[in-house]
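In listed order, ligands and their atoms are each counted from 1. Every value quoted in this text rests on a predicted model; they were computed, and no experiment measured them.
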Amino acid sequence: MSKQVSRRGFIIGSAGTAAAALAARLAGKVNSEAAQQTASIRHHGPHSDAVAGPIGTVDHARNGFHPVEILKDFNYGDRVFEENGRTVREYNVIALDKEIELVPGVFFPAWTYNGRIPGPTLRCTEGDRLRVHFTNAGSHPHTIHFHGIHPAAMDGVPLSHQMNHLPRDLTGPGMIQPGESFTYEFDAEPFGIHLYHCHAIPLKRHIHKGLYGMFIIDPPGGRPEANEMAMVMNAFDTNFDNANEVYAVNTVGFAYVNDPIPIRVGELVRIYLMNIIEFDLINSLHLHANFFDYYDTGTTLEPTLRTVDTITQVQGQRGILEFRYRYPGMYMFHAHVSEFTELGWMGMFHVTESDETVSHGDD
Ligand SMILES: [Cu+2]
């Protein structure tokens, strides 16, 4: 007699390692091709002392972006100039359909901003004037909805029946159709870590397909010098059953296990962290062997939470983490939802003394 197996029961019932869980979820719900793809992901067995994770790496060149580079790839504008005594930053953002490799051999038919997930990390200073030139080169209508303070016409939402009869300067243009363009223009405020994402309908589909990115507004005086990095917690429903199969920071599962993030003993580390995960209600980051200060939404210069080692975020929530490592070594960071960790959301910091040369991967 067949028995209904829940999504979570299915995972728990399998071997419990990253690869086994991933393979089981895919094999049980997609097709044999996907199952064969996951054969490239092997696990080390429940009693191995090896860290769970895939063998091999995704083809980052084929993806067109590398999670290690995304950490520090801050886009301060494709064109920056002064106008009427203030700084204007212009950005070009293009929506593109693109297949992305999430873990070795597992591909996802994504929708992207500028060919990457997350989209470009747009960065500016409070009070700047921003002009975001958006072109939809994808196959579906899209928008860009920014979090921040701006007029309704720049809010990047679809037109509802109630909005349809109002002038467009009160509603904005609605969805931007394939082949069309629109320039979102507004002032950068308030300072903090924000986000942008497509707001076309159905919203959960347009978000989980990959149309989102980080939007950092620096305070007028800046923040203290630090080793800064951008981390977007995301996940992917690879078989379109409204549940995620791959979890990550910056899209590629276990990316920072394969390429541990180098930091120095004693240096200030600042992580801009946001959660855009769809389908699961909550996400989190746990830092090993250390504690951090947290700035909720980044809208204050003083921490809103001091000396914690785990932070939780729902979808759209974000904040800034600051910490220093006291001892050299390898330290894990991961979601403190064990299931997410085993399905890709786990990474490593490689902490070294300041005179050591850091070398990772294939060098
Ligand atoms: Cu969209």
Side-chain angles (χ1 to χ4, degrees), residues 63-65 70 75 78 91-102 107-122 130-148 150-164 168 171-186 194-215 230 232-248 250-251 274-280 283 314-318:
N63 277 350
F65 63 90
I70 281 183
N75 185 339
D78 299 306
Y91 305 86
N92 297 308
V93 178
I94 302 172
L96 295 166
D97 298 0
K98 187 174 175 183
E99 190 178 67
I100 302 287
E101 190 178 12
L102 304 172
F107 295 87
F108 180 71
W111 298 340
T112 70
Y113 289 129
N114 289 5
R116 45 172 272 181
I117 306 175
T121 300
L122 306 182
L130 308 185
R131 288 187 193 128
V132 181
H133 303 298
F134 175 54
T135 298
N136 185 359
S139 56
H140 293 71
H142 298 304
T143 73
I144 308 180
H145 162 68
F146 283 86
H147 288 222
H150 48 243
M154 296 298 153
D155 201 40
V157 294
L159 297 174
S160 65
H161 295 302
Q162 294 86 344
M163 294 156 76
N164 238 335
R168 290 292 167 265
T171 67
M175 299 212 271
I176 311 303
Q177 300 299 319
E180 291 186 347
S181 298
F182 182 76
T183 297
Y184 299 97
E185 178 166 350
F186 50 89
H194 307 310
L195 63 152
Y196 63 89
H197 58 86
C198 180
H199 220 296
I201 293 168
L203 181 57
K204 72 177 180 182
R205 182 166 187 231
H206 283 251
I207 288 184
H208 97 259
K209 287 281 264 181
L211 289 168
Y212 47 78
M214 192 181 284
F215 172 38
V232 175
M233 299 190 286
N234 54 1
F236 297 89
D237 173 14
T238 57
N239 55 10
F240 305 100
D241 66 345
N242 292 339
N244 296 307
E245 281 73 43
V246 176
Y247 293 80
N250 297 337
T251 301
M274 73 175 241
N275 176 36
I276 194 64
I277 206 165
E278 195 60 75
F279 306 121
D280 291 283
N283 208 334
V314 298
Q315 188 188 48
Q317 218 169 353
R318 65 275 184 193

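Side-chain contact annotation: Y247 with N234, donor-acceptor N/O pair under 3.5 Å absent. Under the 3.5 Å distance criterion, with hydrogens and angles disregarded, no donor-acceptor pair is assigned to the side chains of H199 and T143.
For R131 and E185, the salt-bridge test passes: some basic side-chain N is under 4.0 Å from an acidic carboxylate O.
Distance check for H206 against the Cu ion (ligand 1): an N/O/S atom falls below 2.8 Å. Backbone or side-chain N, O or S atoms of H199 do not reach the Cu ion (ligand 1) at under 2.8 Å.
Contact of the F236 side chain with the I117 side chain is registered, since non-hydrogen atoms from C-beta on lie closer than 4.5 Å.
Computed with the Cu ion (ligand 1) at the centre, the H142 ND1 to C198 SG angle is 130°, stated to 10 degrees.
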